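Reading through the C-alpha coordinates given below for one structure.
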Protein chains: 2
Amino acid sequence: MVAHDLVFHHQQCHDCPIRHRAVCARCETDELARLEKIKYYRSFQAGQTVIWSGDKMDFVASVVSGIATLTQTMEDGRRQMVGMLLPSDFVGRPGRSNAAYDVTATTDLVMCCFRKKPFEDMMLETPHIGQRLLEMTLDELDAAREWMLLLGRKTAREKIASLMAIIARRDAALRATDGQGPLVFDLPLTREEMADYLGLTLETVSRQISALKRDGVIHLEGKRHIVVPDMDRLLEEAGDDSDGGFLV
Amino acid sequence: MVAHDLVFHHQQCHDCPIRHRAVCARCETDELARLEKIKYYRSFQAGQTVIWSGDKMDFVASVVSGIATLTQTMEDGRRQMVGMLLPSDFVGRPGRSNAAYDVTATTDLVMCCFRKKPFEDMMLETPHIGQRLLEMTLDELDAAREWMLLLGRKTAREKIASLMAIIARRDAALRATDGQGPLVFDLPLTREEMADYLGLTLETVSRQISALKRDGVIHLEGKRHIVVPDMDRLLEEAGDDSDGGFLV
DNA sequence: TGTCCAGCTTGATCTGCGTCAAGGCGATCT
DNA sequence: AGATCGCCTTGACGCAGATCAAGCTGGACA
(Lines give C-alpha, C1' and ligand atoms only; values in the text may rest on other atoms or scores of the structure.)
Protein backbone atom coordinates (compact mmCIF):
# COMPACT_ATOMS: atom_id res chain seq x y z
CA MET A 1 0.00 0.00 0.00
CA VAL A 2 1.19 3.49 -0.77
CA ALA A 3 1.10 5.83 2.14
CA HIS A 4 3.02 9.03 1.86
CA ASP A 5 0.96 10.24 4.69
CA LEU A 6 -0.27 13.69 4.42
CA VAL A 7 -2.48 12.53 7.25
CA PHE A 8 -0.21 10.70 9.60
CA HIS A 9 -0.44 7.24 8.13
CA HIS A 10 2.85 5.47 8.45
CA GLN A 11 2.52 2.39 6.38
CA GLN A 12 5.44 1.36 4.27
CA CYS A 13 5.22 2.78 0.82
CA HIS A 14 5.31 -0.03 -1.69
CA ASP A 15 7.92 1.48 -3.89
CA CYS A 16 9.84 3.81 -1.57
CA PRO A 17 12.65 2.74 0.67
CA ILE A 18 11.24 4.45 3.73
CA ARG A 19 8.08 5.61 5.30
CA HIS A 20 7.51 9.16 4.32
CA ARG A 21 4.92 11.67 5.27
CA ALA A 22 3.61 14.59 3.35
CA VAL A 23 2.71 13.03 0.12
CA CYS A 24 -0.51 11.18 -0.12
CA ALA A 25 -3.99 11.31 1.26
CA ARG A 26 -5.97 9.17 3.61
CA CYS A 27 -5.76 5.71 2.18
CA GLU A 28 -8.90 5.86 0.19
CA THR A 29 -8.43 4.17 -3.10
CA ASP A 30 -9.65 6.86 -5.42
CA GLU A 31 -7.37 9.44 -3.87
CA LEU A 32 -4.46 7.09 -3.98
CA ALA A 33 -5.11 6.31 -7.59
CA ARG A 34 -5.12 9.98 -8.38
CA LEU A 35 -1.92 10.58 -6.49
CA GLU A 36 -0.26 7.69 -8.23
CA LYS A 37 -1.03 9.29 -11.53
CA ILE A 38 0.57 12.63 -10.77
CA LYS A 39 3.56 11.42 -8.85
CA TYR A 40 7.05 10.65 -10.11
CA TYR A 41 10.48 10.24 -8.60
CA ARG A 42 13.64 12.21 -9.15
CA SER A 43 17.14 11.38 -7.94
CA PHE A 44 20.05 13.71 -7.39
CA GLN A 45 23.68 13.19 -6.53
CA ALA A 46 25.28 14.85 -3.55
CA GLY A 47 26.08 18.42 -4.46
CA GLN A 48 23.63 18.67 -7.33
CA THR A 49 21.23 21.57 -7.47
CA VAL A 50 17.57 20.60 -7.52
CA ILE A 51 16.36 24.05 -8.50
CA TRP A 52 17.68 27.61 -8.53
CA SER A 53 15.95 30.49 -6.84
CA GLY A 54 13.73 32.23 -9.34
CA ASP A 55 13.41 29.26 -11.67
CA LYS A 56 10.07 27.94 -12.73
CA MET A 57 8.96 25.22 -10.36
CA ASP A 58 6.00 23.26 -11.64
CA PHE A 59 5.98 20.62 -8.95
CA VAL A 60 5.81 20.12 -5.23
CA ALA A 61 7.70 17.28 -3.61
CA SER A 62 8.61 15.42 -0.50
CA VAL A 63 11.98 14.01 0.38
CA VAL A 64 12.13 10.22 0.25
CA SER A 65 15.76 9.76 1.23
CA GLY A 66 18.79 11.97 1.66
CA ILE A 67 19.03 15.59 2.66
CA ALA A 68 18.33 18.77 0.76
CA THR A 69 18.91 22.35 1.83
CA LEU A 70 17.27 25.66 1.02
CA THR A 71 19.68 28.57 0.77
CA GLN A 72 19.52 32.25 -0.01
CA THR A 73 22.44 34.04 -1.60
CA MET A 74 23.25 37.74 -1.72
CA GLU A 75 24.80 39.28 -4.83
CA ASP A 76 28.24 39.34 -3.27
CA GLY A 77 28.06 35.65 -2.47
CA ARG A 78 27.15 35.64 1.22
CA ARG A 79 24.97 32.63 1.78
CA GLN A 80 22.48 31.70 4.45
CA MET A 81 20.80 28.35 4.74
CA VAL A 82 17.10 28.83 5.53
CA GLY A 83 15.85 25.27 5.45
CA MET A 84 17.08 21.72 5.84
CA LEU A 85 14.88 18.99 4.39
CA LEU A 86 15.10 15.51 5.82
CA PRO A 87 13.13 12.50 4.66
CA SER A 88 9.40 13.17 4.87
CA ASP A 89 9.82 16.95 4.58
CA PHE A 90 7.90 18.86 2.00
CA VAL A 91 9.11 21.47 -0.51
CA GLY A 92 7.22 23.74 -2.78
CA ARG A 93 4.46 26.18 -2.42
CA PRO A 94 1.02 25.63 -3.83
CA GLY A 95 -0.01 28.85 -5.51
CA ARG A 96 3.43 30.03 -6.53
CA SER A 97 5.15 29.17 -9.75
CA ASN A 98 8.75 30.14 -9.07
CA ALA A 99 11.20 28.83 -6.52
CA ALA A 100 12.12 31.34 -3.84
CA TYR A 101 15.32 29.61 -2.73
CA ASP A 102 18.10 27.49 -4.12
CA VAL A 103 17.39 23.86 -3.35
CA THR A 104 20.49 21.66 -3.22
CA ALA A 105 21.10 18.00 -2.53
CA THR A 106 23.75 17.76 0.18
CA THR A 107 23.71 13.99 0.10
CA ASP A 108 22.39 11.67 -2.57
CA LEU A 109 18.73 12.48 -2.71
CA VAL A 110 15.46 10.97 -3.85
CA MET A 111 12.38 13.10 -4.05
CA CYS A 112 8.80 12.17 -4.71
CA CYS A 113 7.34 14.89 -6.89
CA PHE A 114 3.79 15.84 -7.82
CA ARG A 115 2.95 18.02 -10.74
CA LYS A 116 1.67 21.19 -9.19
CA LYS A 117 -1.57 21.83 -11.01
CA PRO A 118 -3.16 18.44 -10.35
CA PHE A 119 -1.84 18.51 -6.80
CA GLU A 120 -3.53 21.85 -6.23
CA ASP A 121 -6.74 20.53 -7.73
CA MET A 122 -6.58 17.63 -5.38
CA MET A 123 -5.99 19.90 -2.43
CA LEU A 124 -9.18 21.75 -3.22
CA GLU A 125 -11.19 18.57 -3.30
CA THR A 126 -9.48 16.80 -0.44
CA PRO A 127 -9.37 19.15 2.52
CA HIS A 128 -7.33 16.95 4.81
CA ILE A 129 -4.35 17.26 2.47
CA GLY A 130 -4.45 20.99 2.98
CA GLN A 131 -4.97 20.55 6.70
CA ARG A 132 -1.94 18.33 6.97
CA LEU A 133 0.07 20.75 4.90
CA LEU A 134 -0.97 23.58 7.18
CA GLU A 135 0.18 21.62 10.19
CA MET A 136 3.55 20.91 8.58
CA THR A 137 3.96 24.52 7.53
CA LEU A 138 3.25 25.69 11.07
CA ASP A 139 5.90 23.29 12.34
CA GLU A 140 8.36 24.71 9.87
CA LEU A 141 7.50 28.21 10.94
CA ASP A 142 8.22 27.29 14.54
CA ALA A 143 11.53 25.77 13.52
CA ALA A 144 12.36 28.92 11.56
CA ARG A 145 11.67 31.05 14.62
CA GLU A 146 13.85 28.91 16.83
CA TRP A 147 16.50 29.29 14.16
CA MET A 148 16.09 33.07 14.26
CA LEU A 149 16.88 33.10 17.96
CA LEU A 150 19.99 31.09 17.22
CA LEU A 151 21.12 33.40 14.42
CA GLY A 152 20.37 36.62 16.24
CA ARG A 153 21.45 35.96 19.78
CA LYS A 154 23.58 32.88 20.31
CA THR A 155 27.37 32.76 20.51
CA ALA A 156 29.38 30.63 18.09
CA ARG A 157 29.79 27.90 20.71
CA GLU A 158 26.06 27.88 21.46
CA LYS A 159 25.28 27.77 17.77
CA ILE A 160 27.42 24.71 17.23
CA ALA A 161 26.00 22.95 20.28
CA SER A 162 22.49 23.78 19.10
CA LEU A 163 23.16 22.37 15.66
CA MET A 164 24.51 19.15 17.14
CA ALA A 165 21.39 18.87 19.29
CA ILE A 166 19.10 19.53 16.35
CA ILE A 167 20.78 16.94 14.17
CA ALA A 168 20.89 14.40 16.99
CA ARG A 169 17.21 14.92 17.60
CA ARG A 170 16.13 14.68 14.00
CA ASP A 171 18.38 11.71 13.44
CA ALA A 172 16.93 9.93 16.45
CA ALA A 173 13.39 10.73 15.29
CA LEU A 174 14.08 9.36 11.82
CA ARG A 175 15.55 6.14 13.07
CA ALA A 176 13.02 5.91 15.87
CA THR A 177 15.90 5.36 18.25
CA ASP A 178 14.03 5.62 21.51
CA GLY A 179 17.57 6.07 22.68
CA GLN A 180 18.88 6.12 26.15
CA GLY A 181 22.64 5.81 26.36
CA PRO A 182 25.20 7.87 24.47
CA LEU A 183 23.79 9.42 21.33
CA VAL A 184 25.63 8.66 18.12
CA PHE A 185 25.19 10.16 14.68
CA ASP A 186 26.93 11.35 11.55
CA LEU A 187 27.03 14.98 10.53
CA PRO A 188 25.29 15.20 7.18
CA LEU A 189 26.82 18.60 6.45
CA THR A 190 30.30 19.84 5.59
CA ARG A 191 31.86 22.50 7.80
CA GLU A 192 30.97 25.08 5.19
CA GLU A 193 27.34 24.00 5.11
CA MET A 194 27.23 24.15 8.88
CA ALA A 195 28.63 27.67 8.65
CA ASP A 196 25.87 28.63 6.22
CA TYR A 197 23.34 27.10 8.57
CA LEU A 198 24.64 29.02 11.57
CA GLY A 199 25.64 32.35 10.09
CA LEU A 200 29.35 31.76 10.79
CA THR A 201 32.52 31.15 8.80
CA LEU A 202 33.79 27.64 8.29
CA GLU A 203 36.91 28.45 10.33
CA THR A 204 34.84 29.41 13.33
CA VAL A 205 32.78 26.25 12.96
CA SER A 206 35.94 24.18 12.91
CA ARG A 207 37.40 25.94 15.93
CA GLN A 208 34.25 25.59 17.99
CA ILE A 209 33.86 21.93 17.18
CA SER A 210 37.44 21.46 18.33
CA ALA A 211 36.63 23.37 21.50
CA LEU A 212 33.57 21.27 22.30
CA LYS A 213 35.66 18.18 21.70
CA ARG A 214 38.48 19.44 23.91
CA ASP A 215 35.96 20.15 26.65
CA GLY A 216 34.45 16.69 26.41
CA VAL A 217 31.00 17.86 25.37
CA ILE A 218 31.24 15.73 22.24
CA HIS A 219 33.67 13.12 20.95
CA LEU A 220 34.38 12.83 17.30
CA GLU A 221 35.68 9.89 15.35
CA GLY A 222 36.94 10.96 11.97
CA LYS A 223 35.52 14.28 10.88
CA ARG A 224 31.87 13.48 10.72
CA HIS A 225 31.00 10.87 13.30
CA ILE A 226 29.80 12.34 16.58
CA VAL A 227 29.28 10.76 19.97
CA VAL A 228 27.38 12.71 22.61
CA PRO A 229 28.16 11.27 26.02
CA ASP A 230 25.70 13.53 27.82
CA MET A 231 22.78 15.09 26.00
CA ASP A 232 21.85 17.36 28.90
CA ARG A 233 25.33 18.82 28.92
CA LEU A 234 25.04 19.50 25.19
CA LEU A 235 21.68 21.20 25.60
CA GLU A 236 23.11 23.33 28.36
CA GLU A 237 25.92 24.41 26.05
CA ALA A 238 23.31 25.19 23.42
CA GLY A 239 21.67 27.67 25.75
CA ASP A 240 18.34 26.00 25.09
CA ASP A 241 15.47 26.41 27.45
CA SER A 242 16.26 23.94 30.16
CA ASP A 243 13.77 21.07 30.37
CA GLY A 244 15.59 19.58 27.40
CA GLY A 245 12.45 19.42 25.50
CA PHE A 246 9.58 20.22 23.36
CA LEU A 247 7.03 22.71 24.44
CA VAL A 248 5.38 22.49 21.07
CA MET B 1 -21.30 43.42 6.76
CA VAL B 2 -18.61 41.70 8.70
CA ALA B 3 -15.68 40.69 6.60
CA HIS B 4 -12.49 39.75 8.34
CA ASP B 5 -11.51 38.03 5.21
CA LEU B 6 -9.88 34.74 5.54
CA VAL B 7 -10.59 34.58 1.84
CA PHE B 8 -9.51 37.93 0.47
CA HIS B 9 -12.71 39.82 0.91
CA HIS B 10 -12.02 43.38 1.81
CA GLN B 11 -15.30 44.84 2.82
CA GLN B 12 -15.41 47.16 5.73
CA CYS B 13 -16.16 45.35 8.94
CA HIS B 14 -19.22 46.85 10.55
CA ASP B 15 -17.69 47.16 13.98
CA CYS B 16 -13.98 47.37 13.31
CA PRO B 17 -12.14 50.53 12.43
CA ILE B 18 -10.32 49.03 9.49
CA ARG B 19 -10.48 46.34 6.90
CA HIS B 20 -8.77 43.31 8.22
CA ARG B 21 -8.02 39.97 6.76
CA ALA B 22 -7.63 36.65 8.43
CA VAL B 23 -10.73 36.38 10.46
CA CYS B 24 -13.90 35.43 8.76
CA ALA B 25 -15.05 33.21 5.98
CA ARG B 26 -16.53 33.79 2.58
CA CYS B 27 -19.47 36.02 3.15
CA GLU B 28 -22.05 33.36 3.43
CA THR B 29 -24.49 34.15 6.11
CA ASP B 30 -24.42 30.96 8.09
CA GLU B 31 -20.66 31.08 8.40
CA LEU B 32 -20.72 34.69 9.37
CA ALA B 33 -23.31 33.99 11.99
CA ARG B 34 -21.15 31.27 13.43
CA LEU B 35 -18.08 33.47 13.44
CA GLU B 36 -19.99 36.25 15.11
CA LYS B 37 -20.86 33.89 17.91
CA ILE B 38 -17.30 32.86 18.68
CA LYS B 39 -15.59 36.17 18.21
CA TYR B 40 -14.80 38.84 20.74
CA TYR B 41 -12.48 41.83 20.98
CA ARG B 42 -9.63 42.54 23.33
CA SER B 43 -7.71 45.77 23.76
CA PHE B 44 -4.24 46.28 25.14
CA GLN B 45 -2.19 49.33 25.98
CA ALA B 46 1.23 49.91 24.52
CA GLY B 47 3.71 47.79 26.41
CA GLN B 48 1.19 45.31 27.80
CA THR B 49 1.81 41.63 27.38
CA VAL B 50 -0.91 39.76 25.51
CA ILE B 51 0.34 36.34 26.51
CA TRP B 52 3.51 34.77 27.90
CA SER B 53 5.33 31.93 26.24
CA GLY B 54 4.15 28.67 27.71
CA ASP B 55 0.83 30.02 28.94
CA LYS B 56 -2.41 28.41 28.02
CA MET B 57 -3.82 30.02 24.90
CA ASP B 58 -7.38 29.07 24.19
CA PHE B 59 -7.97 31.44 21.33
CA VAL B 60 -6.66 32.46 17.96
CA ALA B 61 -6.82 36.06 16.85
CA SER B 62 -6.13 38.64 14.22
CA VAL B 63 -4.84 42.12 14.75
CA VAL B 64 -7.45 44.81 14.15
CA SER B 65 -5.32 47.85 14.90
CA GLY B 66 -1.92 48.51 16.40
CA ILE B 67 1.19 46.36 16.42
CA ALA B 68 2.12 43.28 18.38
CA THR B 69 5.40 41.42 18.48
CA LEU B 70 6.40 37.82 19.08
CA THR B 71 9.63 37.40 21.03
CA GLN B 72 11.71 34.58 22.41
CA THR B 73 13.81 35.02 25.50
CA MET B 74 16.76 33.00 26.76
CA GLU B 75 17.21 32.33 30.47
CA ASP B 76 19.88 35.00 30.78
CA GLY B 77 17.61 37.60 29.24
CA ARG B 78 18.84 37.74 25.66
CA ARG B 79 15.82 38.44 23.50
CA GLN B 80 15.04 37.95 19.85
CA MET B 81 11.94 39.15 18.12
CA VAL B 82 10.60 36.46 15.81
CA GLY B 83 7.44 38.03 14.53
CA MET B 84 5.84 41.41 14.05
CA LEU B 85 2.07 41.51 13.70
CA LEU B 86 0.45 44.36 11.86
CA PRO B 87 -3.26 44.86 11.31
CA SER B 88 -4.74 41.84 9.50
CA ASP B 89 -2.05 39.46 10.74
CA PHE B 90 -2.99 36.27 12.47
CA VAL B 91 -1.69 34.77 15.73
CA GLY B 92 -2.23 31.43 17.26
CA ARG B 93 -1.93 27.93 16.17
CA PRO B 94 -4.85 25.61 15.64
CA GLY B 95 -3.98 22.33 17.27
CA ARG B 96 -1.77 23.69 20.02
CA SER B 97 -2.91 24.79 23.41
CA ASN B 98 0.07 26.74 24.72
CA ALA B 99 1.71 29.86 23.40
CA ALA B 100 5.22 29.32 22.04
CA TYR B 101 6.30 32.96 22.23
CA ASP B 102 5.73 36.06 24.27
CA VAL B 103 3.19 38.26 22.53
CA THR B 104 3.44 41.92 23.41
CA ALA B 105 1.57 45.04 22.33
CA THR B 106 4.14 47.61 21.19
CA THR B 107 1.47 50.17 20.46
CA ASP B 108 -2.10 50.31 21.67
CA LEU B 109 -3.63 47.20 20.24
CA VAL B 110 -7.00 45.75 19.40
CA MET B 111 -7.33 42.10 18.56
CA CYS B 112 -10.26 40.14 17.26
CA CYS B 113 -10.22 36.78 19.01
CA PHE B 114 -11.94 33.49 18.35
CA ARG B 115 -12.27 30.79 20.91
CA LYS B 116 -10.06 28.02 19.65
CA LYS B 117 -12.23 24.95 19.80
CA PRO B 118 -15.15 26.35 17.80
CA PHE B 119 -12.71 27.95 15.38
CA GLU B 120 -11.08 24.60 14.80
CA ASP B 121 -14.45 22.97 14.31
CA MET B 122 -15.28 25.58 11.77
CA MET B 123 -11.99 25.03 9.97
CA LEU B 124 -12.86 21.39 9.56
CA GLU B 125 -16.19 22.18 8.02
CA THR B 126 -15.15 25.18 6.00
CA PRO B 127 -12.10 24.25 3.97
CA HIS B 128 -11.41 27.66 2.53
CA ILE B 129 -10.63 29.00 5.99
CA GLY B 130 -7.87 26.46 6.27
CA GLN B 131 -6.73 27.20 2.74
CA ARG B 132 -6.47 30.88 3.47
CA LEU B 133 -4.66 30.16 6.68
CA LEU B 134 -2.20 27.95 4.83
CA GLU B 135 -1.53 30.73 2.39
CA MET B 136 -0.91 33.20 5.18
CA THR B 137 1.33 30.78 7.04
CA LEU B 138 3.40 30.21 3.92
CA ASP B 139 3.78 33.98 3.55
CA GLU B 140 4.98 34.18 7.12
CA LEU B 141 7.42 31.37 6.54
CA ASP B 142 8.86 33.26 3.59
CA ALA B 143 9.17 36.37 5.70
CA ALA B 144 10.88 34.36 8.43
CA ARG B 145 13.40 33.04 5.92
CA GLU B 146 14.16 36.48 4.60
CA TRP B 147 14.65 37.51 8.21
CA MET B 148 17.07 34.61 8.73
CA LEU B 149 19.27 35.91 5.92
CA LEU B 150 19.24 39.30 7.60
CA LEU B 151 20.15 37.90 11.01
CA GLY B 152 22.81 35.52 9.78
CA ARG B 153 24.62 37.46 7.11
CA LYS B 154 23.90 41.15 7.02
CA THR B 155 25.99 43.90 8.60
CA ALA B 156 24.49 46.27 11.16
CA ARG B 157 24.07 48.98 8.54
CA GLU B 158 22.36 46.58 6.14
CA LYS B 159 20.11 45.36 8.92
CA ILE B 160 18.93 48.86 9.74
CA ALA B 161 18.38 49.72 6.09
CA SER B 162 16.45 46.46 5.63
CA LEU B 163 14.23 47.19 8.59
CA MET B 164 13.46 50.66 7.28
CA ALA B 165 12.55 49.15 3.92
CA ILE B 166 10.36 46.49 5.52
CA ILE B 167 8.48 49.01 7.62
CA ALA B 168 8.12 51.41 4.72
CA ARG B 169 6.72 48.64 2.58
CA ARG B 170 4.27 47.32 5.14
CA ASP B 171 3.20 50.80 6.04
CA ALA B 172 2.58 51.66 2.41
CA ALA B 173 0.66 48.44 1.92
CA LEU B 174 -1.55 49.13 4.92
CA ARG B 175 -2.37 52.64 3.86
CA ALA B 176 -2.63 51.62 0.24
CA THR B 177 -0.30 54.47 -0.60
CA ASP B 178 0.37 53.65 -4.23
CA GLY B 179 3.16 56.04 -3.51
CA GLN B 180 5.57 57.62 -5.86
CA GLY B 181 7.55 60.47 -4.36
CA PRO B 182 9.48 60.45 -1.10
CA LEU B 183 8.31 57.75 1.29
CA VAL B 184 7.31 58.91 4.74
CA PHE B 185 6.48 56.87 7.79
CA ASP B 186 6.80 56.59 11.55
CA LEU B 187 8.88 53.94 13.25
CA PRO B 188 6.50 51.88 15.36
CA LEU B 189 9.35 50.43 17.44
CA THR B 190 11.71 51.79 20.06
CA ARG B 191 15.46 51.48 19.45
CA GLU B 192 15.51 48.55 21.80
CA GLU B 193 12.72 46.77 19.95
CA MET B 194 14.54 47.36 16.69
CA ALA B 195 17.62 45.85 18.28
CA ASP B 196 15.61 42.78 19.28
CA TYR B 197 14.27 42.56 15.76
CA LEU B 198 17.71 42.77 14.19
CA GLY B 199 19.89 40.84 16.62
CA LEU B 200 21.84 43.96 17.61
CA THR B 201 22.21 46.15 20.69
CA LEU B 202 20.27 49.36 20.99
CA GLU B 203 23.50 51.37 20.88
CA THR B 204 24.44 49.91 17.54
CA VAL B 205 20.95 50.60 16.22
CA SER B 206 21.25 54.20 17.30
CA ARG B 207 24.70 54.61 15.78
CA GLN B 208 23.69 53.10 12.45
CA ILE B 209 20.56 55.21 12.20
CA SER B 210 22.77 58.24 12.78
CA ALA B 211 25.13 57.01 10.08
CA LEU B 212 22.35 56.51 7.52
CA LYS B 213 21.11 59.98 8.37
CA ARG B 214 24.58 61.50 8.05
CA ASP B 215 24.96 59.82 4.65
CA GLY B 216 21.61 61.12 3.43
CA VAL B 217 20.03 57.72 2.97
CA ILE B 218 17.23 58.74 5.31
CA HIS B 219 16.17 61.95 6.99
CA LEU B 220 14.64 61.91 10.40
CA GLU B 221 12.41 64.45 12.07
CA GLY B 222 12.28 63.87 15.77
CA LYS B 223 13.26 60.36 16.75
CA ARG B 224 10.60 58.35 15.03
CA HIS B 225 9.54 60.10 11.86
CA ILE B 226 11.43 58.93 8.79
CA VAL B 227 11.64 60.35 5.29
CA VAL B 228 13.18 58.23 2.56
CA PRO B 229 14.23 60.46 -0.32
CA ASP B 230 15.28 57.56 -2.52
CA MET B 231 13.86 54.09 -1.98
CA ASP B 232 16.28 52.47 -4.43
CA ARG B 233 19.23 53.87 -2.52
CA LEU B 234 17.78 52.45 0.68
CA LEU B 235 17.29 49.02 -0.87
CA GLU B 236 20.84 49.11 -2.13
CA GLU B 237 22.06 49.83 1.38
CA ALA B 238 19.91 46.93 2.59
CA GLY B 239 21.82 44.56 0.35
CA ASP B 240 18.52 43.31 -1.02
CA ASP B 241 18.32 41.56 -4.31
CA SER B 242 18.29 44.42 -6.77
CA ASP B 243 15.02 44.66 -8.74
CA GLY B 244 13.59 46.37 -5.68
CA GLY B 245 10.86 43.90 -5.52
CA PHE B 246 8.84 40.91 -4.88
CA LEU B 247 9.72 37.65 -6.44
CA VAL B 248 7.06 35.94 -4.39
C1' DT C 1 53.51 4.16 -4.58
C1' DG C 2 52.96 8.75 -5.49
C1' DT C 3 50.22 12.88 -6.37
C1' DC C 4 46.16 15.35 -6.20
C1' DC C 5 42.38 17.53 -4.23
C1' DA C 6 38.38 18.47 -1.34
C1' DG C 7 37.55 19.03 3.13
C1' DC C 8 39.34 20.30 7.41
C1' DT C 9 42.43 22.40 11.14
C1' DT C 10 45.14 25.82 13.23
C1' DG C 11 47.66 30.21 13.76
C1' DA C 12 48.17 35.37 13.40
C1' DT C 13 46.01 39.47 12.86
C1' DC C 14 42.20 42.69 12.13
C1' DT C 15 37.67 44.77 12.88
C1' DG C 16 32.67 45.34 13.66
C1' DC C 17 29.93 45.28 17.12
C1' DG C 18 29.21 44.68 22.13
C1' DT C 19 29.94 46.66 26.66
C1' DC C 20 30.32 50.21 29.88
C1' DA C 21 29.62 54.87 30.91
C1' DA C 22 28.16 59.58 30.59
C1' DG C 23 25.13 62.74 29.11
C1' DG C 24 21.01 64.93 26.08
C1' DC C 25 16.16 65.61 25.01
C1' DG C 26 11.32 66.06 25.52
C1' DA C 27 7.13 64.81 27.90
C1' DT C 28 4.70 64.70 32.19
C1' DC C 29 3.99 65.90 36.93
C1' DT C 30 4.34 68.96 40.84
C1' DA D 1 10.44 76.40 36.82
C1' DG D 2 12.38 72.43 38.42
C1' DA D 3 12.32 67.39 39.05
C1' DT D 4 11.79 63.05 37.15
C1' DC D 5 11.70 59.46 33.86
C1' DG D 6 11.77 56.95 29.49
C1' DC D 7 14.08 57.02 25.46
C1' DC D 8 17.89 58.12 22.79
C1' DT D 9 22.83 59.53 21.49
C1' DT D 10 27.72 59.46 21.68
C1' DG D 11 32.36 58.19 23.26
C1' DA D 12 36.10 54.93 24.83
C1' DC D 13 37.53 50.46 24.93
C1' DG D 14 37.64 45.33 24.51
C1' DC D 15 36.68 41.01 22.48
C1' DA D 16 34.34 37.36 19.61
C1' DG D 17 34.46 36.10 15.39
C1' DA D 18 36.06 37.40 10.51
C1' DT D 19 39.88 37.35 7.46
C1' DC D 20 44.13 35.87 5.59
C1' DA D 21 47.36 32.30 5.32
C1' DA D 22 49.67 27.91 5.87
C1' DG D 23 49.53 23.20 6.34
C1' DC D 24 47.22 18.56 7.48
C1' DT D 25 44.51 14.27 6.29
C1' DG D 26 42.39 10.71 3.84
C1' DG D 27 40.38 8.98 -0.20
C1' DA D 28 40.50 8.62 -5.40
C1' DC D 29 43.06 7.77 -9.22
C1' DA D 30 47.24 6.88 -12.18
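Proteins get letters first, then strands, A, B, ... in listed order; numbering begins at 1 in each. Owing to the predicted nature of the structure, the values given are computational and were not obtained by experimental measurement. Scope of the values below: all heavy atoms of this structure, side chains included, with no hydrogens, waters or symmetry mates.
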Is a salt bridge present between A:Asp139 and B:Arg93, judged by a nitrogen-to-oxygen distance below 4.0 Å?
-> yes
Check side chain to side chain donor-acceptor pair (under 3.5 Å) between A:Arg170 and all other residues, then give those that pass, not counting sequence neighbours.
-> A:Asp89
Would you mind reading off the distance between B:Ile160 atom CD1 and D:dC8 atom C1', rounded to a whole angstrom?
-> 13 Å
Whole-Å gap separating P (D:dC7) and CG (B:Leu187) | 15 Å
Length of the CD-P vector between B:Glu192 and D:dT9, whole Å | 13 Å
Letter by letter from the 5' end, nucleotides 15-26 of chain D scores (B base, S sugar-phosphate only, - none; protein heavy atoms under 4.0 Å) --SSBB------
In plain terms, say whether A:Asp186 and A:Arg224 are close enough for a salt bridge, that is, a side-chain N and a carboxylate O under 4.0 Å apart.
-> no
Can you measure from CD1 (A:Ile218) to CG (A:Leu183) and round to the nearest 0.5 angstrom?
-> 12.0 Å
Cationic tip of B:Arg42 within the cone over B:Phe59's six-membered ring, i.e. under 6.0 Å and within 45° of the normal?
-> yes
Ignoring backbone atoms, test whether B:Arg224 places a side-chain nitrogen or oxygen under 4.0 Å from the OP1 or OP2 oxygen of D:dC8.
-> yes
Calculate, to the nearest 0.5 Å, the distance between atoms CZ and NZ belonging to B:Arg153 and B:Lys159 respectively.
-> 11.5 Å
Results of side chain to side chain donor-acceptor pair (under 3.5 Å) for B:Glu158 - residues two or more places apart only = A:Arg78, B:Thr155
Before accepting this row, confirm whether a basic side-chain N of the pair A:Arg79/A:Asp196 lies closer than 4.0 Å to the acidic partner's carboxylate O.
-> yes
Look at all strands and tell whether B:Ser206 reaches a base, only sugar-phosphate, or nothing, counting heavy atoms closer than 4.0 Å.
-> base
For the helix from C:dT1-D:dA30 to C:dT30-D:dA1, measure the angle between the helix axis at one end and the axis at the other, each built from five pairs, rounding to 10°.
-> 30°
List for me each residue that meets side chain to side chain donor-acceptor pair (under 3.5 Å) alongside A:Glu140, sequence neighbours excluded, and say none if there are none.
-> B:Arg145
Please work out which residues in residues 210-220 of chain A have a non-hydrogen atom less than 4.0 Å from an atom of DNA chain D and list them by number.
-> none
Please give, in whole Å, the distance from C:dG16 P to B:Leu151 CG?
-> 20 Å
Could you point out which residue of B:Leu85, B:Ile67, B:Val63 forms a side-chain contact (heavy atoms from CB on, under 4.5 Å) with B:Leu109?
-> B:Val63
Exercise: do A:Ser162 and A:Lys154 side chains pair donor with acceptor under 3.5 Å = yes
